[in-house]
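All ligand and atom numbering here is 1-based and tracks the order in the structure. These numbers come from the heavy atoms of this one structure, side chains and all, not from hydrogens, waters or symmetry mates. Note that the coordinates shown come from a computational prediction; the quantities given were computed from them, not determined experimentally.
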Amino acid sequence: MPKPANTEKTAWAELGPHNTLAVPAKCRQLTPVGSLDELITAVKNAKAEGLPFLVLGEGSNTVFVGDYNGHVILNRLQGLEVVKENEATVHVRVAAGENWHDFVKRCVEKAWHGLENLALIPGTVGAAPIQNIGAYGVEVKDAIISLEALDLNTLQVDRFTNKDCHFAYRESRFKQDWSEVKVVTSVTFELKKTASSLVLNYPALQDRAERLTQGELTLKDVFSAVVSLRTEKLPDPADIPNAGSFFKNPIIDQETFSALKSVHPEIVAFKQDTVIKLAAAWLIDNAGWKTKRRDGVCVHQTQALVITNPNKQNGCAIESFAKEIQADIKDRYGIHLEIEPRLIRV
Ligand SMILES: Cc1cc2nc3c(=O)[nH]c(=O)nc-3n(C[C@H](O)[C@H](O)[C@H](O)COP(=O)(O)OP(=O)(O)OC[C@H]3O[C@@H](n4cnc5c(N)ncnc54)[C@H](O)[C@@H]3O)c2cc1C
């Protein structure tokens, strides 16, 4: 009897539960890996079948534009160890498949400072350096000493220093030229033991933390303030599927900004050294997109940077809505909005 063709759609695995936009895409094979050996075996298996493969964390920064004709490997590497400690700092090595927010909570419980402003960001520890996650004036690069990554050609694990990673605003080498070549297996952080390192340069955060505190501001107050602000402003993907900010804040030069400001005096922007970071949410909101929807895909009502997918539409509907917004923003302001999550198509 002939074997059924392995392109049989019914045998494909569902990716809906593995991406926070709840896009109902499928892949040829879905393989959770809990150790380096399992990761290497999964990579070898995909290669042996001649199929493409993709390592996914929790799918909170990924849009499957169609079905993925390959293997999806779910990084579930677990573990945390203190590798160095003195009176002022601690170095912690964390496996890439650990949940990011759970790790931040553990740091707060241990009174290790540095990551509290990044509380409640979904995803895994291993994906955090990929786009150098950031929130409330802190980027994860500020605390990363080094990381380890599996090279997909040699199947060797190499160590990279912070500098090797070329971190920038929502960027790193792992999001660019190394995106198909290296898989992060662990990240080593340097965390501080003193409260003098609290970062409170966002007025809304300082204000909320002060309202929550019993006396002098502590690490726990800042953590609770971040959790409270994010819960208020951002939709929980478990209730309303989304991938957080869908667009990056555009970086422009002073001259372009002055020209824009003369036409839109109320435009929201932040000066960063010699450049200006425009608030993409303001551009989208001011262009009248807040609460608009196409084919069931929406701009979120309290945060215009977030595209939501309440009806679990496919990735094409999300991409075409995002392109419509991009074209309108380009027309109105002459500004290109770059999409933040990774669009996957094979
Ligand atoms: C509600 C919400 C709020 C958010 N808020 C923020 C925010 O404030 N700031 C912010 O920066 N981001 C934010 N995000 C985006 C997202 O949470 C982060 O980018 C997060 O780090 C993604 O983790 P993940 O494990 O889900 O990555 P995934 O979506 O699984 O993967 C993202 C990309 O990284 C690759 N990748 C994943 N793991 C690895 C690995 N170990 N090695 C190599 N490549 C890998 C994948 O192939 C994919 O291309 C938010 C998302 C949501 C849904």
Side-chain angles (χ1 to χ4, degrees), residues 15 18-23 27 33 36 39 43 52-64 68 70-77 94-104 115 117-141 147-152 157 160 165 167-176 178-187 202 205 226-227 229-231 233-249 281 300 302-303 305-309 339-345:
L15 287 167
H18 302 288
N19 73 92
T20 60
L21 274 162
V23 166
C27 65
V33 294
L36 182 60
L39 172 60
V43 170
F53 56 92
L54 168 77
V55 174
L56 202 64
E58 294 179 11
S60 65
N61 209 28
T62 299
V63 185
F64 288 99
Y68 185 74
H71 290 207
V72 171
I73 300 168
L74 296 177
N75 188 332
R76 298 294 178 256
L77 272 59
V94 189
E98 289 280 350
N99 174 270
W100 175 258
H101 180 66
D102 288 347
F103 167 53
V104 174
L115 300 175
N117 294 40
L118 305 179
L120 220 60
I121 297 181
T124 50
V125 167
I130 306 299
Q131 75 150 3
N132 180 26
I133 57 169
Y136 295 106
V138 169
E139 290 181 323
V140 73
K141 73 168 173 55
L147 54 77
E148 289 181 313
L150 178 74
D151 185 295
L152 296 171
V157 173
F160 299 93
C165 301
F167 289 121
Y169 167 60
R170 299 297 179 273
E171 281 299 344
S172 75
R173 284 191 85 173
F174 294 90
K175 199 173 174 182
Q176 298 296 336
W178 285 349
S179 75
E180 311 280 326
V181 191
K182 302 207 188 282
V183 175
V184 176
T185 53
S186 72
V187 185
Y202 264 66
L205 178 59
V226 170
V227 170
L229 285 170
R230 290 184 70 100
T231 310
K233 278 170 71 179
L234 291 168
D236 180 348
D239 302 327
I240 309 175
N242 75 90
S245 300
F246 209 87
F247 302 100
K248 289 186 185 180
N249 289 320
H300 190 58
T302 58
Q303 174 47 278
L305 261 188
V306 176
I307 288 183
T308 62
N309 189 22
I339 290 178
E340 188 181 300
R342 181 159 166 216
L343 304 183
I344 306 288
R345 57 185 109 233

Tell me the protein heavy atom at minimum distance from [atom], and give that distance in Å.
| atom | answer |
| --- | --- |
| atom 50 (C) of ligand 1 | Pro122 CD, 3.8 Å |
| atom 48 (C) of ligand 1 | Thr62 OG1, 3.8 Å |
| atom 52 (C) of ligand 1 | Gly244 N, 3.3 Å |
| atom 27 (O) of ligand 1 | Ala127 CB, 3.4 Å |
| atom 19 (O) of ligand 1 | Gln131 NE2, 3.0 Å |
| atom 18 (C) of ligand 1 | Ile133 CG2, 3.7 Å |
| atom 16 (C) of ligand 1 | Ser60 OG, 3.3 Å |
| atom 47 (O) of ligand 1 | Val55 O, 2.7 Å |

Pull out every atom of ligand 1 sitting under 4.0 Å from any heavy atom of Thr124, numbered as shown with elements.
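So the answer, numbered in order with elements, is 23 (O), 24 (P), 25 (O).
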Aromatic plane relationship, Trp178 with Phe160 - under 30° parallel, 30 to 60° tilted, over 60° perpendicular
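Tilted, since the angle between the ring planes falls between 30° and 60°.
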Report the part of [X] (side chain from C-beta onward, or backbone N, CA, C, O) that has a heavy atom under 4.0 Å from ligand 1; answer both or neither where that applies.
| X | answer |
| --- | --- |
| Asn242 | both |
| Asn61 | both |
| Lys182 | backbone |
| Thr20 | side chain |
| Arg342 | side chain |

From atom 4 (C) of ligand 1, work out which of Arg230, His18, His101 has a heavy atom at the shortest distance.
Arg230
Given Ser186, Gly134, Gly126, Ala135, which has its nearest heavy atom closest to atom 9 (N) of ligand 1?
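Answer by nearest heavy atom: Gly134.
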What residue among Glu340, Arg342, Glu171 forms side chain to side chain donor-acceptor pair (under 3.5 Å) with Gln131?
Glu340
Separation of His101 NE2 from Arg230 CZ (nearest 0.5 Å):
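NE2 of His101 is found 10.0 Å from CZ of Arg230.
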Could you say whether the N/O atoms of Gly59 and ligand 1 ever approach to under 3.5 Å?
yes
Side chains of Val33 and Val55, heavy atoms from C-beta outward: is any pair under 4.5 Å?
no
